[in-house]
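Contents: one structure, followed by commentary.
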Amino acid sequence: MAYDIWYSIKNNRIKQGCYDGFTLEGGDTLVLDETKRDHFLFLQAIDGVIDDFLWGRFTCNLLLSEEIVCYIYVIASNILTIKNENGEVADIGKILCNKEIEVYKKISILNRMGAKRFVNTDDFLLYDLKGRYLYVAVEMLGAGQASIGGIRVGARGDSFMGAFPEIYRSRNSFFHRYLSIFSSIYNDISEQNEKLYEMLDLDKCSPDLLEMYATWFGIDLRGVALPEDALRTIVKEAYQLNRMKGTRWAIERILQIMLDGDAVMYENRLNDGSLYDVTILVNRKLTDDLRHQLTFMLDQFKPLRTNIRILQMEKEAVMDGNSYLDMNAAIPAEKHVVLDQESIYDGAITLL
């Protein structure tokens with residue numbers, strides 16, 4: 001019987017279980033907390049639906065420092081209960097997920113049930129496990145950095161065994177486990193091929209791919225570290241930006257994407273500029289990085305021979321010690337104003 005089933009252990013399954021000494025990040029990754037003494041994870045039973053369910057493979061993303069030892073316990077059973085030390089019937093899942101029960105007692109129960117233990121490995125076969133319910137536990141010992149995530153349990157049928165005569169299809173035989181090496185590689189490649197469309201999804205692909213896609217349109221994004229949202233928007237609009245390159249619209253659109261509308265562009269208006277001078281007034285603080293990013297992007301879309309000058313507009317007015325308020329002078333916005341002892345108010349001066 002061939003299956004094509006994968007159980008993914010993510011946020012909900014992890015929270016339904018019991019864990020300590022870890023912090024949950026990214027929805028499915030447990031990062032070791034070095035301030036805690038114990039580091040463990042006990043999951044509720046994974047239901048294979050039918051009795052004597054044949055389990056196939058366990059995979060995860062496991063990162064360990066040299067000082068850490070990771071034990072993964074796996075056991076399959078057709079029932080959800082076990083007799084405790086007093087001969088009473090108890091629910092296995094409730095015992096494993098009870099935080100008041102010591103960890104070593106839970107591990108002892110799994111060992112008594114005949115659990116298989118795997119040490120510091122992130123990919124192993126479960127061909128010799130048979131049972132409807134699968135229990136998984138993780139224990140880490142030592143001090144250092146470590147994480148475990150992307151846990152998946154599969155019951156995938158072997159892709160190659162079906163091509164051989166019945167006499168060679170003995171489950172968990174040497175021949176079966178040998179072919180599983182190639183079957184696992186084949187299945188992993190097949191999964192990657194099925195997800196290729198995600199690499200072309202501009203809303204989900206990695207920022208590194210976005211930089212490559214931009215080069216396909218002749219846009220260089222490797223020289224600046226743009227925010228991810230701005231990076232995705234530029235790549236999405238790459239065709240339109242190239243189509244309008246060298247126009248006022250292209251410059252204004254780049255300003256809109258990178259500064260979210262906090263900029264105004266003037267052509268040949270300030271300080272009697274020449275025909276090719278453009279001044280951009282930015283209504284926010286310009287860091288050196290932001291100024292570099294903005295200049296780098298505008299240089300790719302500005303008209304030929306155009307000189308762009310970027311000015312930062314201060315939001316607050318500052319007067320020095322020789323400033324005077326004349327008649328009809330007004331401060332329209334609420335400000336914190338400090339006047340020295342020689343300041344003189346005229347009758348028509350108003351502070352709002």
Side-chain angles (χ1 to χ4, degrees), residues 1-19 22-32 39-49 53-65 68-77 96 110 115-141 145-162 171-174 176-196 198-199 204 206:
M1 183 176 182
Y3 302 96
D4 189 11
I5 301 173
W6 281 99
Y7 297 88
S8 296
I9 310 301
K10 296 187 177 181
N11 183 69
N12 290 337
R13 286 184 181 269
I14 292 175
K15 289 185 175 180
Q16 289 173 4
C18 172
Y19 69 91
F22 295 98
T23 56
L24 182 58
E25 298 181 2
D28 68 349
T29 301
L30 290 169
V31 179
L32 186 139
H39 311 94
F40 59 83
L41 165 68
F42 294 93
L43 297 175
Q44 290 283 2
I46 301 173
D47 192 351
V49 181
F53 190 77
L54 301 177
W55 300 94
R57 184 181 171 198
F58 179 100
T59 66
C60 66
N61 300 322
L62 185 62
L63 297 176
L64 300 173
S65 59
I68 298 290
V69 178
C70 178
Y71 298 111
I72 300 178
Y73 301 87
V74 186
I75 180 66
S77 173
L96 296 179
L110 291 175
K116 295 180 66 66
R117 187 181 75 170
F118 302 90
V119 182
N120 290 0
T121 180
D122 58 3
D123 194 337
F124 47 85
L125 298 175
L126 304 175
Y127 287 161
D128 52 347
L129 294 184
K130 183 171 62 173
R132 173 172 176 172
Y133 304 104
L134 188 79
Y135 295 93
V136 177
V138 178
E139 181 184 21
M140 290 190 184
L141 303 176
Q145 296 182 345
S147 67
I148 182 170
I151 300 175
R152 302 175 69 215
V153 179
R156 172 169 291 185
D158 198 297
S159 303
F160 297 154
M161 286 296 288
R171 182 175 177 80
N172 202 32
S173 63
F174 171 80
H176 185 198
R177 300 180 72 88
Y178 175 74
L179 282 185
S180 294
I181 298 174
F182 306 99
S183 179
S184 297
I185 296 173
Y186 172 80
N187 290 333
D188 289 345
I189 294 176
S190 297
E191 285 188 11
Q192 293 175 8
N193 290 339
E194 292 173 358
K195 296 179 180 179
L196 281 177
E198 294 183 1
M199 296 176 62
K204 298 180 180 179
S206 69

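Of the options Asp122, Leu129, Leu126, a side chain to side chain contact (heavy atoms under 4.5 Å, CB included) to Phe58 is made by Leu126 and by none of the others.
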>> side-chain contact (heavy atoms from CB on, under 4.5 Å) for Val74 and Val153? Distances and angles first, verdict last.
In response: CA-CA 10 Å; Val74 186; Val153 179; over 6 Å; no

> For Arg13 and Ile46, what are the C-alpha separation, side-chain angles and deciding distance, and is it a side-chain contact (heavy atoms from CB on, under 4.5 Å)?
Replying inline: CA-CA 9 Å; Arg13 286 184 181 269; Ile46 301 173; 4.0 Å; yes

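Residues Arg132 and Asp47 have side chains in contact (heavy-atom distance under 4.5 Å, counting atoms from C-beta outward). With contacts defined as side-chain heavy-atom distances shorter than 4.5 Å, the pair Leu30/Val138 does not qualify. Using a 4.5 Å heavy-atom cutoff, the side chains of His39 and Ile68 are not in contact. Using a 4.5 Å heavy-atom threshold, the side chains of Asp28 and Arg152 count as separate.
For the residue pair Ile14 and Leu43, the shortest heavy atom distance occurs at CA-CD2, 4.2 Å. For Phe53 against Gly48, the heavy-atom pair with the smallest separation is CD1-O, 3.1 Å. The shortest non-hydrogen separation linking Met140 to Ala146 is SD-CB, 3.8 Å. Nearest heavy atom pair, residue Leu96 against residue Phe42, reads O-CB, 3.4 Å. When all heavy atoms are compared, the tightest approach of Gln16 to Gln44 is O-CG, 3.5 Å. Here the closest non-hydrogen pair linking Tyr73 and Ala115 is CB-CB, 4.5 Å.
Taking the side-chain contact (heavy atoms from CB on, under 4.5 Å) definition, one finds that Glu25 meets it with Thr23, Val31, sequence neighbours left out. With sequence neighbours left out, Asn61 forms a side chain to side chain donor-acceptor pair (under 3.5 Å) with no residue at all. For the side chain to side chain donor-acceptor pair (under 3.5 Å) test, residues two or more places apart in sequence or in another chain that qualify with Asp128 are Lys116.
Note on ring orientation: taking the six-membered ring where Trp is involved, the planes of Tyr7 and Trp55 are tilted (angle from 30° to 60°).
Once rounded to the nearest 0.5 Å, the distance linking OH of Tyr127 with CG of Leu54 reads 10.5 Å. The line from CD1 of Ile148 to CD1 of Ile72 is 4.5 Å long, rounded to the nearest 0.5 Å. The CG atom of Leu32 sits 9.0 Å away from the CG atom of Leu64 when rounded to the nearest 0.5 Å. Note that the OG1 atom of Thr29 and the CD1 atom of Ile9 stand 13.0 Å from one another [nearest 0.5 Å].
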